[in-house]
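Bear in mind the structure is a predicted one, so any value in this text is a computation, not a measurement.
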Amino acid sequence: MIMAYFLFLIYVVTTLFLGTSVKQFLGMGGDVGFFSTIHYYSLPFLLLSAFVRRNKVVFNIYEKRMFLLLLIYFLGAKIIGRSANLGVCFNILVEPILMLAVLRTFASREMNILKGLLIFFFCIECGVAMYEALFNNILFAQEVDIFDYAGNIRAYSLHGHPLQNAFIVCMLSVIFLASRMKRNIRYVLFIIGFLAIFTFNTRSSIYIMGLLMIAGAVKDFVIGKGNVVFKMVGLALLIFAIIYAFNFIMNHSLGTRLEMGLNKQDGSSMARFVLVNAFFLIPLDELLLGVDPLSIKFFMYRYGLIGIENSIISLIFYCGALFSMFYFPLMFKDIYMRSLSLFQKCLIYGSLFLLLNVNYALVSDGPVLVIPALTLFLFMRKNNFRKI
């Protein structure tokens with residue numbers, strides 16, 4: 001038990017802190033093919049932990065079906081002579097399933113250490129991002145510029161491209177806000193995350209978190225139960241914190257991409273507009289089974305795109321519509337928690353759905369599904385909770 005937990009702890013630490021930017025800083029980049037996508041530096045510890053706990057590890061029906069889906073996808077790709085994107089599949093299917101299966105074998109006292117570790121990581125991730133934006137200095141990422149083509153500040157923090165970091169920070173902020181932690185701690189963490197999102201300068205995440213903060217405040221301080229005086233004081237403190245944060249953002253020119261309209265004249269937004277045309281240009285067999293990597297590169301080159309900023313469509317491009325139409329419902333059922341309130345479900349799963357539609361991070365090399373799934377299990381599963 002101790003050995004399995006120690007190995008799992010190493011896996012979590014390396015996953016959280018050894019992100020794309022840090023790997024570049026340590027000279028661990030430059031891989032090609034399969035190893036350029038999977039988290040080979042942390043996966044061995046997860047596999048060893050699963051091996052030590054093999055008598056306790058149990059996969060549920062959804063996880064078994066996803067493994068079957070992966071097998072069918074791999075065999076189908078081999079039969080028709082098409083390259084299977086196994087790196088992406090490992091990141092979004094094999095690793096999170098194995099991580100959750102091992103995590104379920106540990107007791108509550110082990111969970112509390114992991115909770116503290118996640119909060120510590122969250123503060124470091126946001127702290128590095130704010131340092132980079134305030135001092136115009138990238139700490140870890142290599143061969144990148146703090147300013148984008150339009151002169152907007154964009155931090156790279158621990159996990160590479162701003163979109164990857166924004167996905168992780170946004171999901172963790174939302175889960176913290178919806179959790180059973182003390183109200184003050186929840187909102188402090190959320191505001192820290194909100195400030196970090198401005199340093200990544202991702203407009204969609206800023207809009208999403210802004211709306212969620214309003215929804216959370218209405219629920220906690222207006223219609224929620226509790227002492228009226230305490231709620232009024234709490235709401236006043238939150239408003240004061242928001243005003244201070246807004247002044248901080250304005251004084252340091254953060255979130256400047258909000259000034260750019262979400263229209264087809266903007267390069268990032270155009271990436272979403274042209275996706276509609278893509279479905280008419282791609283042959284049906286490629287759409288169903290996955291687009292050839294060279295075709296994807298040609299498509300992006302043709303429209304001057306850096307990335308296809310939609311994780312759902314990106315996965316269809318990489319692995320095909322047949323794989324995607326089974327993967328998303330199965331993964332959703334695997335991480336879905338029936339014990340949550342309707343408000344918590346809307347907050348967490350609604351945010352996840354919106355982010356998947358405005359962010360390509362799911363098919364990147366970042367652990368953008370593993371970290372939110374880990375946080376969701378630790379902070380939202382009822383029998384794992386101890387008030388912080």
Legend entry - More than 12 heavy atoms from other groups under 6.0 Å of CZ on Phe353: no
Legend entry - Sidechain-backbone polar pair: Asn165 side chain, Gly160 backbone, donor-acceptor under 3.5 Å: yes
Inset, instruction - For Arg154 and Pro162, indicate whether the former's side chain and the latter's backbone hold a donor-acceptor pair under 3.5 Å. - result: no
Inset, instruction - Examine Phe17 together with Phe121 and report whether their ring centres are nearer than 6.0 Å. - result: yes
Legend entry - Heavy-atom closest pair, residues Thr105 and Arg53: O-NH2, 2.7 Å
Inset, instruction - Could you walk me through whether His161 and Tyr360 pass the ring pair (Phe, Tyr, Trp, His ring centres under 6.0 Å) test, one step at a time? - result: CA-CA 11 Å; His161 193 279; Tyr360 74 89; 5.8 Å; yes
Inset, instruction - Answer with yes or no whether the side chains of His39 and Glu95 bring together a donor and an acceptor at under 3.5 Å. - result: yes
Inset, instruction - Would you please indicate yes or no on a ring centroid separation below 6.0 angstrom for Phe176 and Phe190? - result: no
Inset, instruction - Could you tell me whether the side chains of Asn60 and Asp334 share a donor-acceptor contact shorter than 3.5 Å? - result: yes
Legend entry - CG-CD1 distance between Leu356 and Ile313, expressed to the nearest 0.5 angstrom: 11.5 Å
Legend entry - Smallest separation among heavy atoms of Met99 and Tyr11, with atom names: CG-CE2, 3.7 Å
Inset, instruction - Give a yes or no answer on whether the side chain of Ser49 reaches the backbone of Phe45 with a donor-acceptor pair at less than 3.5 Å. - result: no
Inset, instruction - Compute the ring centroids of Phe332 and Tyr62, then answer whether they are less than 6.0 Å apart. - result: no
Inset, instruction - Of all the heavy-atom pairs spanning Cys89 and Tyr73, show the shortest one and how long it is. - result: SG-CE2, 3.7 Å
Inset, instruction - Measure across Leu177 and Leu347 and return the closest heavy-atom pair with its distance rounded to 0.1 Å. - result: CD2-CD2, 4.1 Å
Inset, instruction - Can you measure from CG (Leu114) to CZ (Phe379) and round to the nearest 0.5 angstrom? - result: 9.5 Å
Legend entry - Backbone N/O of Ala178 and side chain of Gln344: donor-acceptor pair under 3.5 Å: yes
Legend entry - Shortest non-hydrogen contact from Thr199 toward Ala129: OG1-CB, 3.3 Å
Inset, instruction - State whether the side chain of Ser42 and the backbone N or O of Thr15 hold a donor-acceptor pair below 3.5 Å, judged by distance alone. - result: no
Legend entry - Whether Asn310 side chain and Val358 backbone form a donor-acceptor pair below 3.5 Å: no
Inset, instruction - First locate atom SG of Cys346, then atom NZ of Lys219, and finally report the distance between them rounded to the nearest 0.5 Å. - result: 12.0 Å
Legend entry - Partner of Phe106 by ring-ring contact (aromatic ring centres under 6.0 Å, His included), out of Tyr5, Phe6, Phe377: Tyr5
Inset, instruction - Indicate yes or no for a side-chain donor-acceptor contact from Tyr187 to the backbone of Ala217 under 3.5 Å, with no hydrogens or angles considered. - result: yes
Legend entry - Neighbour count above 12 (heavy atom, 6.0 Å) for Tyr349 OH: yes
Inset, instruction - Let me see the working for Tyr156 and Gln142 under side-chain hydrogen bond (donor to acceptor under 3.5 Å, both in side chains), right down to the final yes or no. - result: CA-CA 10 Å; Tyr156 283 74; Gln142 303 294 301; over 6 Å; no
Inset, instruction - Output yes when a side-chain donor or acceptor of Ser157 lies under 3.5 Å from a complementary backbone atom of Glu125, and no otherwise. - result: yes
Legend entry - Asp220/Arg186 salt bridge by N-O under 4.0 Å criterion: yes
Inset, instruction - For Met331 and Ile92, work out which heavy atoms get closest and say how close. - result: CE-O, 3.2 Å
Legend entry - Any donor-acceptor N/O pair, Ser364 side chain to Gly366 backbone, under 3.5 Å: yes
Legend entry - Test of ring centre spacing under 6.0 Å for Phe25 and Phe140: yes
Inset, instruction - Could you please spell out the steps behind the side-chain hydrogen bond (donor to acceptor under 3.5 Å, both in side chains) verdict for Asn359 and Ser311? - result: CA-CA 6 Å; Asn359 193 312; Ser311 287; 5.0 Å; no
Legend entry - Within 6.0 Å of CZ in Phe120, more than 12 heavy atoms from elsewhere: no
